[in-house]
2 protein chains.
Amino acid sequence: MTQPDMPTPPWERPPKRRRPPRVPLSRERIVDAAYAVLDREGYDGLSMRQVAAELHVAVSALYVHVRDKDELLRLMYNRLFDGYELPDPDPEHWREQLRNFARQGRKRLLSHRDMAKISMAHIPFTPELLPHVERLLAMFVAAGLPKKVVAIAGDLLSTYMDGFVLEESLWRDRYPESGGAAPEKMREEIQGYFASLPPDRFPNLVELADVMVDESNDYRFELGLEIILRGIASYVGEPDD
Amino acid sequence: MTQPDMPTPPWERPPKRRRPPRVPLSRERIVDAAYAVLDREGYDGLSMRQVAAELHVAVSALYVHVRDKDELLRLMYNRLFDGYELPDPDPEHWREQLRNFARQGRKRLLSHRDMAKISMAHIPFTPELLPHVERLLAMFVAAGLPKKVVAIAGDLLSTYMDGFVLEESLWRDRYPESGGAAPEKMREEIQGYFASLPPDRFPNLVELADVMVDESNDYRFELGLEIILRGIASYVGEPDD
DNA sequence: TTGAGTTTCTGAACACTGTTCACCAATAAC
DNA sequence: GTTATTGGTGAACAGTGTTCAGAAACTCAA
């Protein structure tokens, strides 16, 4: 039995701050943990229980701070845009500015596993993202595009980024031998497969086997981006009708 | 107790063909049922158990014909292309041909609920789909495009179709009051929201509120498609380098 | 017709999932 | 120092994909 008024001697007392000061949960910490789980387990492995385990906490504790798994995913999506600065629109260099915007977007989407899947499932019209949308619109306006094009060009570009990165990650998932010469092997296999098709029935696939596979994803992204930008540029100066 | 050797009298025997002749399961029937469930319950409600229930069959019976839920989804994806005929390439009218291709694709994606979600998760390079890819490539070749553009233009177009329809359905899900004046109400609400933003911080959003929302999805799809086609067309005649 | 063999389907189980709810502990307010 | 309020617990519920021993139905040869 402990004597209530006696001081506990140092060797009895566990080292100071035995129980860590219980830094409380918060949306921020939950999102951090969710990203950790996402990177480790992928989108399908991202469960509330895994997130809770990452924080050494019971599942139900999460629901104090977050209504849903949907809300958690929305918070993760929002973070995608943190510190995503768009420059002031420069009418002289709007194409290069948009190129940079798209490159930066792709880089962000690639920075977390399966991020494109999450991005694809959300519309960038939540209040937190509106300043972003506004600045993007400003760049199209500065370029001298007609209203109707301004109104959809941002969507077009975003869809391209999301879709491209999503497809990148689909291929990656098919060849999960992470690291090493996996991409090399993948290239060879796919190229060999295309090249081995009957040339009478698939002349173009056989012919294009090398160029379809040889080019890096970076190159393909840039080319697709350039196609879209040329298409948009073709509207510069057209009246609003 | 039944007497084993006595014939059962007619009034005892249930009416002829009591038990229906047990049309056996097949991949086709399973995919049919899966589509029925998809249209009724949406992608999140599409479970193996629901599909089994649709067929009045135990869940585990499905696994005799189908390895995975993944395989089932792949079969559903494949069916998207059934009877999806591409015309012979006509160098004079390749743009109109591609427009039709995209329109038809969107129509198919819209013909089943959440179909775009399934389509987005698959790469159109399964053996069954290669003839399709081949014909699409042929159209780009006929248009006189350089190899590198041919190699990615199909992807670009498919990504656009999938992404556009997916976004359409995301909006639809946000306003699930099916039928009636729901789209009207949606338009008004969104437009009102954009218009109500502080004009000093969001001048472009406020300015463009009407044109961003007023236009029908059909119109927006056509415009985005036209942008991409113009971009592609800008490469006609360029050398393969 | 009988019987063997193969295919197809069943029911139960396993290990998960998201979400809720009564309860308990720690903190903040008076 | 006692009371609220908030944050966290553990168990439970209904649902998920998938597997597996065994029963039922079909096929085909004797």
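Below, chain A is the first sequence line, B the second, and so on; all start at residue 1.
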Pairwise 5' ranking along DNA chain C for Leu62(B) and Val59(A), keeping only the more 5' one: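 Per heavy-atom nearest nucleotide, the more 5' residue is Leu62(B).
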Please report, rounded to the nearest Å, how far the [atom2] atom of [N] is from the [atom1] atom of [X].
X	N	atom1	atom2	answer
Asp44(B)	dT19(C)	CG	P	11 Å
Asp70(B)	dT16(D)	CG	C1'	14 Å
Leu55(A)	dG7(D)	CG	C1'	14 Å
Arg29(A)	dG7(D)	CZ	P	13 Å
Arg67(B)	dT19(D)	CZ	C1'	14 Å
Gln50(B)	dA14(D)	CD	C1'	13 Å
Arg27(A)	dG8(D)	CZ	C1'	17 Å
Lys69(A)	dG18(C)	NZ	P	4 Å

Any N/O donor-acceptor pair, Arg49(B) side-chain to dG15(D) base, under 3.5 Å: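 For Arg49(B), whose side chain was compared with the base of dG15(D), there is no donor-acceptor pair (under 3.5 Å).
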Polar side-chain contact Ser60(A)-dG10(D) base: donor and acceptor under 3.5 Å: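 Present.
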Whether over 12 other heavy atoms sit under 6.0 Å from Arg201(A) CZ: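 12 or below, so no.
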Closest to the [X] side chain, choosing from [options]:
X	options	answer
His65(B)	dC9(C), dG17(D), dG8(D)	dC9(C)
Ala61(B)	dC9(C), dG10(D), dT20(C)	dC9(C)
Asp68(A)	dG18(C), dT19(C), dT18(D)	dT19(C)
Val57(B)	dT19(C), dG10(D), dT10(C)	dT10(C)
Tyr63(A)	dT8(C), dT19(C), dG17(D)	dT19(C)

Output field: ring centroids Phe194(B)/Phe202(B) closer than 6.0 Å: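 Distance test on ring centres: not under 6.0 Å, no.
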Beyond-backbone contact of Asp214(A) with Tyr219(A), side-chain heavy atoms, under 4.5 angstrom: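 SC-SC contact between Asp214(A) and Tyr219(A) ruled out.
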Carboxylate-amine/guanidinium contact Arg220(A) Glu168(A), below 4.0 Å: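 Judged by the 4.0 Å cut-off on N to carboxylate O distance, Arg220(A) and Glu168(A) do not form a salt bridge.
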Arg106(A)/Asp218(A) ion pair, N-O < 4.0 Å: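 Asp218(A) and Arg106(A): salt-bridged.
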